[in-house]
S.K.: 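To start, I am sharing the structure in question, which I have written as structure tokens.
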Amino acid sequence: MAMFDKFHEECGVFGIYGHPDAANLTYLGLYALQHRGQESAGIVSTDSKKLYCEKSMGLVADIFTEDRIKKLPGHAAIGHNRYSTTGDSISINIQPILVNFAMGSLAIAHNGNLVNAGILKAELEAYGSIFQSTMDSEVIIHLIAQSRMSNLHERIVDALQHVQGSYSLLLLAEDELIGLRDPHGFRPLVLGELGGAYVLASETCALDLIEATYIREIEPGEMVVINGSGIHSTFPFKRANPSHCIFEFIYFARPDSYVFGQNVYTTRKEFGRQLARETGVQADVVIPVPDSGVPAALGYAEETGIPFGLGLIRNHYIGRTFIEPRQTIRHFGVKIKLNPVKDVLKGKRVVVVDDSIVRGTTSKKIIKMIRNAGASEIHMRISSPPTMYPCYYGIDTPTRQELIASSHSIEEIRKYITADTLGYISLEGVRKVVDKPINYCVACFCGEYPVPFPGERMLQLGLFDKE
Ligand code: AMP
């Protein structure tokens with residue numbers, strides 16, 4: 001069943017239509033969205049006659065030299081950052097995917113995860129499709145190419161009627177930018193404007209960098225077509241209950257961004273306040289696990305009145321350790337990433353705030369580090385509920401067995417990470433902080449999946465395992 005694993009990925013997307021500097025602005029947009037994917041990046045541009053593509057493994061700033069951006073002429077472009085997950089770090093998987101088919105050239109950039117991609121791929125292959133990558137996004141391309149509908153828009157809608165799961169999707173044709181969000185709105189996608197040009201991006205931080213004005217979110221189930229005659233919006237899919245990914249707030253999005261209509265920083269800080277109300281403890285200092293634990297630690301400190309301190313300093317010049325696929329490298333990663341500030345920790349009762357515990361490896365290493373630095377007590381506080389179930393909609397989580405909270409009680413986890421106490425925010429607490437709590441997917445905490453994963457039923461029955 002490893003095939004399902006191959007389809008897991010998280011990403012950032014950016015697109016612009018109607019600007020003479022389209023590729024350059026896409027480069028900047030991807031730069032602002034670098035946190036959503038560090039494995040590879042690509043840009044496809046169009047001058048209305050032809051599509052041009054430049055993409056490579058690596059970070060945005062390393063890939064896009066001036067020379068490469070010059071090879072991307074035109075007034076419209078889309079770009080993509082890909083996150084590295086298990087295996088398949090191969091160049092064939094770099095997006096955008098650019099193809100030529102019966103209706104001309106088409107490029108696609110996808111953030112999300114299609115839960116029925118494996119089944120669709122097998123069906124398409126049975127009818128002769130030849131896949132070039134191991135990406136679920138390629139399934140969409142084949143479905144568009146095989147659709148019997150007469151125009152591109154109808155073909156896109158027809159293709160997406162077959163897929164289940166999450167997609168914030170950008171498509172670029174010769175003279176058209178198309179943006180779509182799945183009916184549940186799992187992943188974010190926002191619309192902005194810059195000097196008459198329309199911009200689509202995963203997060204508002206990409207609009208800020210290019211000084212574009214935020215207009216609104218693309219709605220769940222909405223398709224926008226942007227071309228010479230402006231922007232045209234339709235809702236071609238069956239309406240569904242919104243299921244925005246709660247993990248965008250907890251970990252994934254940048255704190256300066258607004259996603260799902262809320263600022264990420266403020267939301268994280270409120271998680272920290274709520275965590276403090278639920279798990280308060282006597283202590284001398286509150287420290288974050290940088291960077292993702294910072295806003296919640298500030299909220300925790302404000303709520304309790306315990307001073308905030310920076311007890312761990314992060315080396316910013318290495319990638320996120322989680323992206324390394326092998327355990328051995330990840331262990332090493334924690335050490336090279338963080339170093340304690342002894343003056344802040346020595347002889348102190350320390351509250352350590354992090355956004356999540358996945359396997360427990362990071363917390364264990366950090367606590368050891370803090371204890372070695374002389375802390376007298378260590379109280380670990382987590383601004384998300386225990387992560388017990390894997391995500392099938394685009395957040396990189398390991399298999400169920402590897403999620404420590406799926407098989408260990410909070411007390412067992414505390415022992416494993418060697419904290420004096422351990423406290424998580426409750427799911428109810430998380431729901432109090434977000435506007436419209438029923439609009440969120442919290443499957444990773446409670447196992448209620450808004451879109452069924454085809455193998456999940458069998459997983460539950462124990463017939464086969466995910467790996
Ligand atoms: P672990 O060592 O497996 O328990 O990982 C926990 C750490 O990974 C926390 O410090 C989180 O900030 C971080 N984290 C949580 N979710 C993700 C994710 N989807 N991708 C990368 N890092 C993550």
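Remember, it's 1-based here, ligands and their atoms both numbered in the order they're listed. Every heavy atom of this structure was used, including side-chain atoms; hydrogens, water molecules and symmetry mates were not.
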S.K.: Quick one: side chains of residues 344-356, donor-acceptor pairs under 3.5 Å with protein atoms, not counting sequence neighbours, listed by atom name and distance.
M.R.:
{"from": "Arg349", "atom 1": "NE", "to": "Asp284", "atom 2": "OD1", "distance (Å)": "3.4"}
{"from": "Arg349", "atom 1": "NE", "to": "Asp284", "atom 2": "OD2", "distance (Å)": "3.2"}
{"from": "Arg349", "atom 1": "NH2", "to": "Asp284", "atom 2": "OD1", "distance (Å)": "2.9"}
{"from": "Asp355", "atom 1": "OD1", "to": "Ser292", "atom 2": "OG", "distance (Å)": "2.7"}

S.K.: Identify, by atom number and element, the atoms of ligand 1 in contact range of Thr361, meaning under 4.0 Å from any of its heavy atoms.
M.R.: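 This gives 1 (P), 2 (O), 4 (O) as the contact atoms.
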S.K.: Identify, by atom number and element, the atoms of ligand 1 in contact range of Arg359, meaning under 4.0 Å from any of its heavy atoms.
M.R.: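 Counting from 1, the qualifying ligand atoms are 1 (P), 3 (O), 4 (O).
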S.K.: If we count only N and O atoms by modelled type, under 3.5 Å, do the side chains of His162 and Asn116 hold a donor and an acceptor together?
M.R.: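 Per modelled atom types, His162 and Asn116 side chains form no pair under 3.5 Å.
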S.K.: Applying the side-chain contact (heavy atoms from CB on, under 4.5 Å) criterion to Ile382, which one of Val289, Thr279, Leu422, Ile413 satisfies it?
M.R.: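 Of the listed residues Val289, Thr279, Leu422, Ile413, the side-chain contact (heavy atoms from CB on, under 4.5 Å) partner of Ile382 is Leu422.
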S.K.: Please indicate whether any nitrogen or oxygen in Ile395 is less than 3.5 Å from any nitrogen or oxygen in ligand 1.
M.R.: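 No.
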S.K.: If you count the atoms of ligand 1 from 1 in the order shown, which ones are under 4.0 Å from a heavy atom of Asp355?
M.R.: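 It comes down to these atoms of ligand 1: 11 (C), 12 (O).
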S.K.: Show me which atoms of ligand 1 lie under 4.0 Å from any heavy atom of Asp354.
M.R.: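 What qualifies from ligand 1 is 9 (C), 10 (O), 12 (O).
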S.K.: When you compare ligand 1 with Val358, is there at least one nitrogen or oxygen pair between them that comes in under 3.5 angstrom?
M.R.: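 For ligand 1, there is an N or O atom that lies under 3.5 Å from one belonging to Val358.
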S.K.: Quiz question: by atom type and distance under 3.5 Å, do the side chains of Gln95 and Ser137 form a donor-acceptor pair?
M.R.: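 Ser137 and Gln95 do have a side-chain donor-acceptor pair below 3.5 Å.
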S.K.: With a 4.0 Å cut-off on heavy atoms, is Ile357 in contact with ligand 1?
M.R.: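 True for this residue.
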S.K.: Would you mind running through ligand 1 and noting each atom that sits below 4.0 Å from a heavy atom of Ser292?
M.R.: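 Under 4.0 Å from Ser292, ligand 1 has these atoms: 12 (O).
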S.K.: Do we see a donor-acceptor contact under 3.5 Å between the side chains of Ser243 and Asn439?
M.R.: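 No, no side-chain donor-acceptor pair sits under 3.5 Å.
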S.K.: When rounded to the nearest 0.5 angstrom, what distance separates CD1 in Ile141 from CG in Leu171?
M.R.: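 The distance works out to 7.0 Å.
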S.K.: Measuring from atom 5 (O) of ligand 1, which candidate in Thr362, Ile417, Ile413 has the nearest non-hydrogen atom?
M.R.: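 The option holding the nearest heavy atom is Thr362.
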S.K.: Any nitrogen or oxygen of Ser363 lying under 3.5 Å from a nitrogen or oxygen in ligand 1? Just yes or no.
M.R.: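 Ser363 vs ligand 1: no N/O contact under 3.5 Å.
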S.K.: Is the number of heavy atoms from other residues, nucleotides or ligands under 6.0 Å of Glu125 CD greater than 12?
M.R.: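 More than 12 within 6.0 Å, yes.
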S.K.: Report, in ascending order of atom number, the atoms of ligand 1 lying under 4.0 Å from any heavy atom of Phe247.
M.R.: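 The atoms of ligand 1 under 4.0 Å from a heavy atom of Phe247 are 16 (N).
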S.K.: Between Glu302 and Lys269 (salt bridge meaning N to carboxylate O under 4.0 Å), is one present in this structure?
M.R.: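 Counted as a salt bridge, because a side-chain N and a carboxylate O are separated by less than 4.0 Å.
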S.K.: What are the atoms of ligand 1, with element, lying closer than 4.0 Å to any heavy atom of Tyr83?
M.R.: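 Atoms satisfying the 4.0 Å criterion: 20 (N), 21 (C).
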S.K.: Could you list which atoms of ligand 1 come closer than 4.0 Å to a heavy atom of Gly360?
M.R.: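 So the answer, numbered in order with elements, is 1 (P), 3 (O), 4 (O).
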S.K.: Taking only residues two or more places apart in sequence or in another chain, which ones pass side chain to side chain donor-acceptor pair (under 3.5 Å) with His408?
M.R.: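 By the side chain to side chain donor-acceptor pair (under 3.5 Å) rule, His408 matches no residue at all.
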